[in-house]
Amino acid sequence: MSTQQGQDAKFFQRGKIEEFRAELQAAEAKDKKYQKRKIVLKKIVANITMGNDMSPLFHDVIQCISTPLLEIKKMVYLFLVSYGRSKPDQIHLVIPSFLQDCNDRNPLIRALAIRTMSYIPIPVVTEALSDQLRHCLKDRDPYVRKTAAICVAKVYTADPRKAERKGFVELLRDMLIDENATVVANAVAALSEIGDRQDGVIFKLNLTIANRLLAALGESSEWGQIYILDSLLRYVPEQHADAEMMAERVIVQLQHANSAVVLTSIKALLYLMNYMDNRRLIEYICKKMGPPLVTLLSSGPEVQYVALRNILLIIQRRPTVLKNDVKAFFCKYNDPIYVKLAKLEIMYRLAREENAREVLAELEEYASEVDVDFVRKAVRSIGRLAIKVEPAADKCIESLLKLIDTKVTYVVQEAVIVTKDIFRRYPGKYEGIIPSLCENLDALDEPEAKAAMVWILGQFADKIDNADELLDDLVYSFLDEPAEVQLALLTAVVKLFIYRSQSEATKALVHKVLKWATEDIDNPDLRDRGFMYWRMLAMNPAVAAEIVLAEKPAITTDSDRMDRGALDQLLLHTGSLGSIYHKNPETFIRNAAGRALIDSPALNANSRAVLVTLARPQLPQMAISVSGPGPVEPARPSQPGEAPSNLPLPTIMESSLSDERDLLDVEGDDGAGGDSGEGYPDGDDDGPVTKAADPYASLGGAFGGYVTDVPQPVAGGGSRGGDLDDLLF
Amino acid sequence: MAIDGLIILDPAGRPIIQSSYTTYPAAYPLLHIEALNNALAKAPREGSVDPVIYVGELSCSSACCHVEVGEMRFIATISGDADPLIAFAFLHAFIEILHDYFGTVSVATLKDNFDIVYQLLEETLDSSGHPLTTSPNALSDIVLSPSLISKLLASVSPATPGVPSARQGGYGAFASPIPWRKAGVRHNHNEILFDVVEEMRGIVGKNGTTLVSNVFGKIESNAKLSGTPDLTLTFTNANVMTECAFHPCVRLQKWTRDNALSFVPPEGRFVLADYQYRPPQSAVISNVPIPLSLKANMDMGEFGGTFALTLTSRLIKVMENLELKFYLGEDATSAQCTLSSAGSSVGSVGSADGSWAFDMRTKTLRWEILNMRSSGSWILRGSWTSKIKAPRPAHAFQIRFEIPSYSFSSLKVDQLRLSSETYKMYKGVRMRSKGSIEWRW
């Protein structure tokens with residue numbers, strides 16, 4: 001079908017191309033004000049925009065390039081942008097016109113010429129361009145200068161080393177102090193693009209330049225402000241005072257109307273806070289960040305979605321930010337589902353003893369809604385709320401029982417799943433509700449819910465009078481159950497037997513299940529577990545009881561927070577795709593450069609304790625360091641271990657690359673590439689020092705899912721800074 | 001790496017115009033279009049597709065950010081660690097520009113002016129994904145709007161074909177020290193108009209208590225002023241505005257220092273400021289009172305239900321275009337209602353000011369009251385039927401209304417001063433309010 005179509009389209013085009021060619025030729029005669037040619041060119045451009053291949057007209061179209069009408073020139077240039085690169089053998093015909101236009105009186109034409117040339121990565125063109133570009137970077141007209149700045153990034157992409165040798169990077173750096181703010185912003189954009197390349201020079205800012213850029217903020221367009229604010233992450237403060245002063249100037253930008261400017265300002269602030277020591281100032285900044293974030297929620301659903309995903313990250317790192325604003329995240333009935341789910345997660349994060357009542361009331365409301373996904377998440381959130389906020393647990397249980405009474409199957413199943421965790425969080429407190437759960441045994445048809453219920457039956461078999469009957473019923477379909485349920489049944493039956501080893505019926509039941517598990521089942525996990533239980537029970541039932549009914553560690557929701565170091569790192573990507581999916585971009589985007597905090601004397605101890613180091617050390621003191629010609633030219637492609645794939649592999653590249661970069665860096669960077677976490681003993685027991693290994697291991701399920709956090713056992717001593725203050729830094 | 005390009009899709013999901021994507025494989029834009037169309041086709045109901053769709057194929061992982069405009073969809077494809085918010089901000093800016101150029105944005109206008117759209121794309125988005133110039137004032141110098149082109153064609157005498165037409169407009173935009181304003185604007189009649197629009201968003205709980213209600217304000221301006229006018233706008237009660245966000249032209253320091261808006265405006269329409277209204281007595285909980293009340297008597301039965309809704313205005317002003325929407329659930333089949341009104345405000349009683357309709361497609365009951373005078377009550381009684389025994393209607397009504405010449409905050413302009421220019425200008429301020437309330441039952 002599609003090939004058929006493709007052929008048809010080809011016929012169509014061939015006819016068209018002949019037609020256009022004839023029209024263009026005819027237009028050469030008696031073309032008053034070039035109107036005829038304009039009309040034909042317009043038709044050709046129309047076909048380009050619709051994706052039709054007009055490249056056979058190359059020769060005919062470029063004849064029009066010297067027409068002194070700007071509109072025609074523009075269309076010829078549009079044509080060249082589309083097909084220039086595919087005509088390496090004919091492109092030289094256009095070069096004289098390019099050169100002429102680069103020196104035109106009209107700055108628009110000069111800019112148009114260099115821009116178009118930069119889109120055509122063919123050696124003759126780039127060669128001609130690099131001579132012209134040098135003049136244009138110093139053109140008297142700011143429109144030409146700002147266009148030239150962006151062109152440098154393109155020239156650099158074509159051949160980085162050559163662009164460096166020709167001194168373009170220095171020329172670009174000089175533009176950072178241009179008098180025109182738009183030019184400054186574009187120079188920053190170009191340098192950032194170059195700096196983000198893995199084979200690019202390092203782009204870093206020193207205090208003086210950073211300050212000058214901040215001064216240019218006021219006169220920049222909104223996009224310029226975004227580039228400038230984003231580039232502040234390339235400045236590493238050496239003293240707390242520098243970071244504080246800079247933050248104060250960024251705060252003003254929170255009053256911007258463009259949502260992207262606001263979020264980029266917040267990103268810069270979050271970054272700078274790592275280098276501050278003044279508790280009150282940090283608190284002040286956190287307070288200032290809240291309202292603009294809430295304001296983003298009054299925009300369209302798309303912006304809301306991006307904002308919400310970012311807020312979720314921000315409040316995990318800086319819980320004071322929206323501490324009192326949980327109401328801003330109440331879901332409306334006609335919010336799109338993706339907005340609702342994101343809000344729900346934030347509501348749970350913001351829930352505390354003080355607002356638990358309000359939050360619970362909302363969650364109950366959502367549990368009666370129509371959308372199944374949303375209702376499930378709401379029910380689950382009620383359970384998680386019970387686990388998180390102890391004083392609210394009673395109310396939450398009440399509400400879960402009410403929901404179980406509704407007999408709506410998916411509601412009941414979610415409720416059962418969370419109830420299991422509640423039992424583990426508050427042992428001995430809520431077992432009284434087990435009978436209500438048992439009433440709904442037949443309604444459970446999802447593996448997770450069924451497994452949860454079976455676990456409850458086994459764990460509390462001593463308290464449930466008819467546990468043996470219930471389990472006996474459930475075992476009936478043992479062989480047809482999914483593995484998750486089979487495992488749960490096996491364990492539950494063994495527990496039952498340990499509680500009631502006297503009962504003959506129980507003995508028969510456990511025997512039957514163990515026999516099935518070890519003889520009729522293919523699943524190796526199930527078989528192994530079956531054998532283990534069997535041996536234990538056979539050798540020494542008393543020891544078996546001790547093992548099987550051993551005290552379970554209580555669970556908490558503290559550990560559902562992301563690892564601090566990983567959070568710090570993710571927050572450097574605030575606003576980006578990485579922050580939407582809660583994954584570091586280099587883990588799922590090809591060629592993305594990772595970011596990490598850089599150590600400096602100003603980095604505060606708390607951030608340093610969880611510092612994640614990265615393959616590529618970024619930007620310490622110097623404004624820009626450019627490698628000169630000579631032996632220290634980076635030779636990345638020959639790196640061992642890197643060759644087979646294009647994916648950045650931080651751990652492998654770490655040692656080799658950082659050494660090399662040190663050589664490039666004029667002032668040297670003192671060990672920013674090394675494991676700087678080691679030099680500083682872990683001051684407080686607030687989280688372990690994260691090694692460079694793989695801090696994202698815990699984020700596995702984060703992609704696409706909204707609930708990343710299944711309750712987990714309390715780690716070690718359990719003093720994981722649960723309260724807000726510990727996270728202030 | 002940032003925004004790689006922009007694609008505009010027609011209502012059927014076919015591309016109308018797309019940027020050149022020169023450095024990408026030909027399949028690249030197609031993959032994104034396909035990803036979006038697939039997601040839309042799979043969506044259970046409208047508006048449930050994530051606005052950022054991850055496209056992992058073709059080894060260059062990227063994402064597709066999309067917004068709906070009329071029946072069209074605008075896609076910005078982003079790759080690398082790009083910022084979706086920049087993509088959305090850019091899409092909105094671009095759509096604004098199209099509005100500016102063509103008045104309306106529709107398939108027809110875009111197809112008629114594709115060459116201009118294409119030029120605009122080239123001018124606003126660099127091929128490596130940097131948004132460039134999106135300020136309409138500066139753009140109008142580089143890309144001529146359709147009306148200007150025809151004017152130029154008419155005026156240029158046939159004797160001088162050699163003059164590049166761009167000189168006509170003067171390319172002063174980038175020479176001007178102010179990026180949002182071009183130099184040398186002249187008007188015979190100088191005027192600036194401000195529209196203060198305040199929108200209330202609120203949620204009312206089952207028991208009738210207001211859970212959340214916030215008022216977001218916007219000062220929209222339309223300036224036609226000559227030269228470089230330096231304006232200072234002051235308010236008698238600037239303190240009602242909090243969490244302000246300003247157009248880049250506003251001098252932020254001045255606002256922080258003495259609560260005056262000091263700015264050199266762009267030409268034409270722009271949003272000067274956004275703010276949130278905080279009632280003065282706001283200590284901790286600050287809900288702005290909702291100007292109407294709803295009493296809902298709901299009776300859920302088998303295969304349907306009955307309801308009686310009473311709406312009462314709590315405002316002296318007349319509310320206009322009040323609309324109440326009630327989603328009756330996926331399985332609703334029909335609805336029957338009667339309208340009546342009561343209360344002190346005598347006049348035309350009955351169905352004259354109100355109407356209701358049930359939309360089978362969206363399963364939504366809509367009740368409209370064009371003019372809602374103060375202190376009257378409007379009543380809608382009715383019933384609906386459903387295919388299933390236990391119907392699941394929405395547990396909330398969506399209410400929208402407008403209040404002309406009214407502001408929740410009673411924000412008042414004190415004066416507008418013009419310095420640096422000597423002419424007299426016409427000034428105007430208008431207030432308008434609207435609301436969207438979710439009322440649960």
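Scope of the values below: all heavy atoms of this structure, side chains included, with no hydrogens, waters or symmetry mates. Chain identifiers are assigned alphabetically (A, B, ...) following the order of the sequence lines, protein sequences preceding nucleic acid strands; residue numbering begins at 1 within each chain. If you're wondering where the values come from, they're calculated on a predicted model, not measured in any experiment.
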Where does [X] contact chain B at under 4.5 Å (heavy atoms): side chain, backbone, both or neither?
X	value
A:Asn334	both
A:Asp335	neither
A:Tyr366	side chain
A:Ser220	backbone
A:Leu297	backbone
A:Cys331	backbone
A:Arg115	side chain
A:Lys74	side chain

Residue [X] versus chain A: region with a heavy atom under 4.5 Å:
X	result
B:Tyr327	side chain
B:His92	side chain
B:Lys325	neither
B:Arg440	side chain
B:Ala390	neither
B:Glu122	both
B:Ser436	both
B:Phe246	both

Which one wins on heavy-atom pair count under 4.5 Å against chain A: [options]?
options	answer
B:Ala87, B:Pro248, B:Ala245, B:Cys244	B:Ala245
B:His395, B:Arg201, B:His247	B:Arg201
B:Pro393, B:Cys65, B:Gly202	B:Gly202
B:Val67, B:Asp274, B:Leu121	B:Val67
B:Ala89, B:Pro131, B:Ala273, B:Ala396	B:Pro131

Pairwise distance [atom1]([X]) to [atom2]([Y]) - rounded to 0.5 angstrom:
X	Y	atom1	atom2	value
A:Leu41	A:Leu78	CG	CG	10.0 Å
B:Glu68	B:Ile95	CD	CD1	10.5 Å
A:Asn310	A:Leu293	CG	CG	8.5 Å
B:Gln276	B:Asn214	CD	CG	4.5 Å
A:Asn258	B:Leu85	CG	CG	7.5 Å

### Message
Run the side chain to side chain contact (heavy atoms under 4.5 Å, CB included) test on B:Trp255 and B:Met241 for me, step by step, so that the C-alpha distance in whole Å, both residues' side-chain angles and the decisive distance to 0.1 Å come before the verdict.
### Response
CA-CA 12 Å; B:Trp255 169 258; B:Met241 297 194 282; 3.5 Å; yes
If you take all heavy atoms of [X] and [Y], which pair is closest and at what distance?
X	Y	result
B:Gln18	B:Pro29	NE2-CG, 3.7 Å
A:Ser82	B:Tyr118	OG-OH, 4.0 Å
A:Thr264	A:Asp230	CG2-N, 3.7 Å
B:Val250	B:Leu272	CG2-CD1, 3.7 Å

Residue among [options] with most heavy-atom pairs under 4.5 Å to chain B:
options	answer
A:Ser298, A:Pro336, A:Ala190	A:Ser298
A:Gly84, A:Ser221, A:Ala260, A:Ser299	A:Ala260
A:Met75, A:Lys288, A:Arg85	A:Arg85

### Query
Between B:His66 and B:Val49, does a side chain to side chain contact (heavy atoms under 4.5 Å, CB included) hold up when you go through it step by step?
CA-CA 10 Å; B:His66 57 100; B:Val49 179; 3.9 Å; yes
### Query
salt bridge (charged side-chain N to carboxylate O under 4.0 Å, His left out) with A:Lys340: which of A:Glu362, A:Glu369, A:Glu365?
A:Glu369
### Query
Are B:Pro391 and B:Leu328 close enough that some pair of their side-chain heavy atoms sits under 4.5 Å apart?
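No, their side chains stay 4.5 Å or more apart.
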### Message
Checking A:Val294 against B:Glu243 for the side chain to side chain contact (heavy atoms under 4.5 Å, CB included) test, could you report, in this order, the C-alpha distance in whole Å, the side-chain angles of both residues, the deciding distance, and whether it holds?
### Response
CA-CA 9 Å; A:Val294 174; B:Glu243 326 306 356; over 6 Å; no
